[in-house]
A.B. asks: 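Following this message is one structure expressed as structure tokens.
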Amino acid sequence: KREPRLFIAGVLTGVEGYCESAASGLLAALFVQARVRGIDLPQPPATTSIGGLHRHVKGEPVANKKRYQPMNMNRGLLPDLGTRMPKLQSLEACRARAVRDCTAWIAVLGSLGIKS
């Protein structure tokens with residue numbers, strides 16, 4: 001955190017798992033690309049897996065944790081839907097929200113000239 005020129009990915013960031021490590025590498029590459037171009041990269045949406053993990057690594061968990069723990073992706077990292085519903089309906093609502101928000105985020109990246 002004290003060295004803004006350094007970007008890390010994978011388990012060094014505090015994620016666990018192959019997909020999570022690959023996602024952190026993709027995000028690091030996007031941040032490097034933005035830095036080289038002098039662009040402030042918008043954070044990935046908290047409603048997406050990559051955004052939830054990014055918030056967790058930055059120390060902005062949805063749940064107030066006193067001590068940092070490495071993490072795999074799980075629904076606990078995503079904001080609540082705000083309403084109770086059956087599990088399968090809830091999963092579909094989370095998926096639809098993530099697709100919508102990630103699509104919008106990717107469009108913003110594209111408008112900034114960032115290749116995702």
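Fair warning: this is a prediction, and the values are worked out from it, not measured in the lab.
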A.B. asks: Partners of Ala34 by side chain to side chain contact (heavy atoms under 4.5 Å, CB included), sequence neighbours excluded?
C.D. replies: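 With sequence neighbours excluded, Ala34 shows a side chain to side chain contact (heavy atoms under 4.5 Å, CB included) to Ile39, Leu41, Ile114, given in chain and number order.
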A.B. asks: Residues two or more places apart in sequence or in another chain: which of them pass side chain to side chain contact (heavy atoms under 4.5 Å, CB included) with Ala93?
C.D. replies: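 Expected list: Leu81, Met85.
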A.B. asks: Which pair of heavy atoms, one from Ala9 and one from Ala28, lies closest together, and at what distance?
C.D. replies: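 That closest heavy-atom pairing would be CB-CB, 4.3 Å.
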A.B. asks: Between atom CG of Leu91 and atom CG of Leu88, what is the distance when rounded to the nearest 0.5 Å?
C.D. replies: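 Result: 6.0 Å between the selected atoms.
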A.B. asks: Can you list the other members of the hydrophobic cluster that holds Leu6, where links are side-chain heavy atoms under 4.5 angstrom apart?
C.D. replies: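 Answer for Leu6: Ile8, Leu12.
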A.B. asks: Give every residue pair that meets the salt bridge (charged side-chain N to carboxylate O under 4.0 Å, His left out) criterion with at least one member in residues 4-19, sequence neighbours excluded.
C.D. replies: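 Every salt bridge (charged side-chain N to carboxylate O under 4.0 Å, His left out) pair that includes a residue of residues 4-19, provided the two are not neighbours, is Glu3-Arg5.
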A.B. asks: Please list all pairs meeting ring pair (Phe, Tyr, Trp, His ring centres under 6.0 Å) that have one or both residues in residues 73-97, counting only residues at least two apart or in different chains.
C.D. replies: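 For residues 73-97: none.
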A.B. asks: Once ring pair (Phe, Tyr, Trp, His ring centres under 6.0 Å) is applied, what residue pairs with a partner in residues 7-36 remain, sequence neighbours excluded?
C.D. replies: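 Sorted pair list: Phe31-His54.
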A.B. asks: So, the side chain of Thr103 versus the backbone of Val99: is there a donor-acceptor pair under 3.5 Å, distance only?
C.D. replies: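 Yes, because the side chain of Thr103 sits within donor-acceptor range (under 3.5 Å) of the backbone of Val99.
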A.B. asks: Got a sec, which residues hit side-chain hydrogen bond (donor to acceptor under 3.5 Å, both in side chains) with Ser21, two or more places apart in sequence or on another chain?
C.D. replies: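 Ser21 satisfies side-chain hydrogen bond (donor to acceptor under 3.5 Å, both in side chains) with no residue once adjacent residues are dropped.
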A.B. asks: Under the 4.5 Å side-chain heavy-atom rule for ILVMFWY, direct or indirect, which residues accompany Val11?
C.D. replies: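 Under the 4.5 Å side-chain rule, Val11 groups with nothing.
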A.B. asks: List the atom pairs, donor and acceptor, that lie under 3.5 Å between side-chain atoms in residues 105-112 and the rest of the protein, sequence neighbours left out.
C.D. replies:
unit_1: Trp105; atom_1: NE1; unit_2: Pro42; atom_2: O; d: 2.9
unit_1: Trp105; atom_1: NE1; unit_2: Gln43; atom_2: O; d: 3.2
unit_1: Ser111; atom_1: OG; unit_2: Val108; atom_2: O; d: 2.7

A.B. asks: Sequence neighbours left out, what pairs pass ring pair (Phe, Tyr, Trp, His ring centres under 6.0 Å) with at least one residue falling in residues 79-104?
C.D. replies: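 Residue pairs passing ring pair (Phe, Tyr, Trp, His ring centres under 6.0 Å), neighbours aside: none found.
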A.B. asks: Could you list all the salt bridge (charged side-chain N to carboxylate O under 4.0 Å, His left out) pairs where at least one residue sits in residues 27-42, not counting sequence neighbours?
C.D. replies: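 The answer is none; no pair qualifies.
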A.B. asks: Could you note down all residue pairs passing salt bridge (charged side-chain N to carboxylate O under 4.0 Å, His left out) where residues 92-110 supplies at least one of them, sequence neighbours left out?
C.D. replies: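 Qualifying pairs: Glu92-Arg95.
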A.B. asks: Looking only at heavy atoms, which two atoms of His56 and Gly14 are closest? And how far apart?
C.D. replies: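 Closest pair (atom of His56, atom of Gly14, distance): CD2-O, 4.4 Å.
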A.B. asks: Say you draw a straight line from OG1 of Thr48 to CZ of Arg55; how long is it, rounded to the nearest 0.5 Å?
C.D. replies: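 The CZ atom of Arg55 is 10.0 Å from OG1 of Thr48, to the nearest 0.5 Å.
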A.B. asks: Within the 4.5 Å heavy-atom criterion, are Val57 and Ser24 side-chain neighbours or not?
C.D. replies: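 Answer no - side chains too far apart.
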A.B. asks: If you round to the nearest 0.5 Å, how far is OG1 of Thr47 from CG of Asp80?
C.D. replies: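 Result: 13.0 Å between the selected atoms.
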A.B. asks: Hey, does Cys19 have a side-chain heavy atom less than 4.5 Å from the side chain of Met73?
C.D. replies: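 Heavy-atom side-chain distance check fails, nothing below 4.5 Å.
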